[in-house]
Amino acid sequence: MKIDSIGNWRRTHHTVDVKPELDGQEVTLFGWVQEIRDLGGIRFIILQDREGTVQITVPRKKVSGEVLSKSDALQKRFSIGVKGTVQKTEITPRGVEVIPKEIKIFSTASPQLPMDITGKVPANLEVRLDARALDLCREENIAVFKIQHAAVEAIRSFLFEKGFIEVHTPRIIASATEGGAALFPVNYFETKAFLAQSPQLYKEQLVMSLEKVFEIGPFFRAEESHTRRHLSEFVSIDIEQAFATAEDVMQLLEQLMQHACKVVKEKCRRELATLKHRLEVPEVPFKRLTYTKVLEDLKNEGVEIPWGEDIPTPAFRTLGKVHPYFYFITDWPTHSKAFYIKPRDDNPELCEGFDLMWRWIELSSGGTRIASKELLIERLKEKGLNPESFKHHLQTFDYGMPPHAGWAIGLERLTMMLTGKRNIREVTLYPRDRFRLTP
RNA sequence: GCCCUGGUAGUAUAGUCCGGUCUAGUAUAAGCGGCUGUCGCCCGCUGGACCCGGGUUCAAAUCCCGGCCAGGGCGCCA
């Protein structure tokens, strides 16, 4: 097979921009062969690019021998270029097709692909993830990641607008003593280091200089989790704000969620249609349920949980049926939250931490942080952690730590909500979990 | 880590309960041939599979045991 070079060809249009109004005009299209329907005297080639598809029609007797022999050689997933004339027609659903004058074949593909990319025979997630690069060529997956992109863009611009500065904190950290989630160890020259599980302590330190910061980046959790909402490597959207309380950042969060849903709904109509997903733009303010109220709601549903205990997953599923969209859970027992969450002044048994739930899934959690060094040391000890291990963090409290609050959103979980996907690995390009490290 | 369910051509499935015409069916994909308006094109032909190991039995895709892998659930998740 002779492989063509791109030469001086440059794309003039994406497939979706080939419209009946261009009738008679010459276009240069780049993309991949999605499907070929050969009727003998006429051949239809569906050309796909990231924006969609268009039909290339090859009438055997009306094209050059060169075009005919090129189109004879085509197979699914060949990367090609087509220079041709747009033809308005009533026969195709899109009302338009392209008659090729010249075809370039840039690369071939194996004839037997590991899965059906046209959607006639669906493949299992395992098969799809094993051939993820090919799986990602499917329109449905392109839609998922375009939606994620639109959401991230909306979130960034929203936070910029609100005066947040984008920062980048270390992924490689020295200490494994934060407690809670397990860390992945890495070799760091002659010593041992760990992959960061969160930017928490760094973003708190940054509020004493940059005041309002956010970070979007990957973090790592070495948990044994085997569920459809956990990953070993996930993307966190973190903010931290000086001179603010939990209520302030909850308001920011609910506005942000509303904004992101609105932008995705407007900008990604086609993608949502591809996914057959109806996205509702939520009203603000979101419901605010206290932990105690949640226990009451659960009791009404026949699920009894003693005050102070963690809420198990099946109870969250029940709760998600009672409150089927966004809601906050506030006023958690202090002992159930991280050491840096501020206990309430009027009742230290409760804290100013909150979770943002979507149905039964925790989308985000945050709270007012402790700004007093003494209290923080006390809370570390109560959690069974050694303040000595936190000395670098604790010393920053000697330099004027302001009152502050913040939260973190799991990007993949947000994407699940936006796309209607039920498994987090569907909305992750190359998921890493307890049992998968490749591709 | 625990529990449940499953593992059959490239892909998706039927068959497994109740062992025997299963020489393992179907769809789709692939290969070959035919077809000038397809859009899940159509028609004909061809090749292609019982996760691995052990056991029971005259006989195992089917029953039993072990392993590996997957899906779901639980737990873990500052």
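A quick note: this is a predicted structure, and the numbers were derived from the prediction, not measured. By convention in this document, chain letters (A, B, ...) are assigned in the order of the sequence lines, proteins followed by strands, and residues within each chain are numbered from 1.
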Partner nucleotide of [N] by Watson-Crick or wobble geometry (both distances under 3.5 Å):
| N | answer |
| --- | --- |
| B:G66 | B:C52 |
| B:G37 | none |
| B:U13 | B:G25 |
| B:G1 | B:C74 |

Pick base, sugar-phosphate or nothing for [X], based on heavy-atom distances below 4.0 Å to the nucleic acid.
| X | value |
| --- | --- |
| A:Arg317 | sugar-phosphate |
| A:Lys61 | base |
| A:Asn423 | sugar-phosphate |
| A:Pro122 | sugar-phosphate |
| A:Thr227 | base |
| A:Gln75 | sugar-phosphate |
| A:Thr92 | base |

Worksheet item: Just wondering, are more than 12 heavy atoms of other shown residues or ligands nearer than 6.0 Å to NZ in A:Lys287?
Response: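 Yes, NZ of A:Lys287 has more than 12 neighbouring heavy atoms, counting only those of other groups under 6.0 Å.
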
Worksheet item: Can A:Lys383 be said to sit on top of A:Phe339's aromatic six-ring, NZ or CZ under 6.0 Å from centre and within 45° of the ring axis?
Response: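 Checked: cation-pi criterion not met.
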
Is any NZ, NE, NH1 or NH2 atom of the basic residue among [X] and [Y] found under 4.0 Å from an Asp or Glu carboxylate oxygen of the other?
| X | Y | result |
| --- | --- | --- |
| A:Arg344 | A:Glu352 | no |
| A:Glu254 | A:Arg288 | yes |
| A:Glu35 | A:Arg37 | yes |

Practice prompt. For B:C77 versus B:C51, give the span between their P atoms, rounded off to a whole number of Å.
Written response: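 These two P atoms come out 38 Å apart once rounded.
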
The side chain of [X] lies closest to which of these nucleotides: [options]?
| X | options | result |
| --- | --- | --- |
| A:Lys120 | B:G75, B:C74, B:A29 | B:A29 |
| A:Ile42 | B:U36, B:U11, B:A30 | B:U36 |
| A:Glu126 | B:A12, B:G75, B:A70 | B:A70 |

Establish, with yes or no, whether the OP1 or OP2 oxygen of [N] is under 4.0 angstrom from a side-chain nitrogen or oxygen of [X].
| X | N | value |
| --- | --- | --- |
| A:Arg228 | B:G73 | yes |
| A:Arg229 | B:C77 | no |
| A:Asn124 | B:A70 | no |
| A:Thr313 | B:G75 | yes |
| A:Arg37 | B:C41 | yes |
| A:Lys62 | B:U36 | no |

[atom1] of [X] versus [atom2] of [N]: gap in Å, rounded?
| X | N | atom1 | atom2 | result |
| --- | --- | --- | --- | --- |
| A:Glu224 | B:C3 | CD | P | 15 Å |
| A:Asp135 | B:U11 | CG | P | 14 Å |
| A:Glu309 | B:G75 | CD | P | 12 Å |
| A:Gln112 | B:A12 | CD | C1' | 13 Å |
| A:Phe316 | B:G73 | CZ | P | 16 Å |

Discussion item. Determine whether a donor-acceptor pair (one donor, one acceptor, N or O, separation below 3.5 Å) exists between the side chain of A:Gln55 and the base of B:U38.
Written reply: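 In this structure, the two groups form a donor-acceptor pair.
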
Worksheet entry | hbond_proxy A:Glu97 side chain to B:G37 base (donor-acceptor, 3.5 Å cutoff) |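 Answer yes: a donor N or O sits under 3.5 Å from an acceptor.
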
Discussion item. With nearest nucleotide decided by heavy atoms, which residue, A:Trp360 or A:Arg434, maps closer to the 5′ end of RNA chain B?
Written reply: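 The 5'-side residue here is A:Arg434.
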
Worksheet item: Between A:Thr57 and A:Asp310, which has a closest nucleotide on RNA chain B that is more 5'?
Response: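 Closest to the 5' end, via its nearest nucleotide, is A:Thr57.
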
Practice prompt. Please work out which of the three classes, parallel, tilted or perpendicular, describes the rings of A:Phe354 and A:Phe328, given edges at 30° and 60°.
Written response: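 If you compare the ring of A:Phe328 with that of A:Phe354, the planes turn out perpendicular.
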
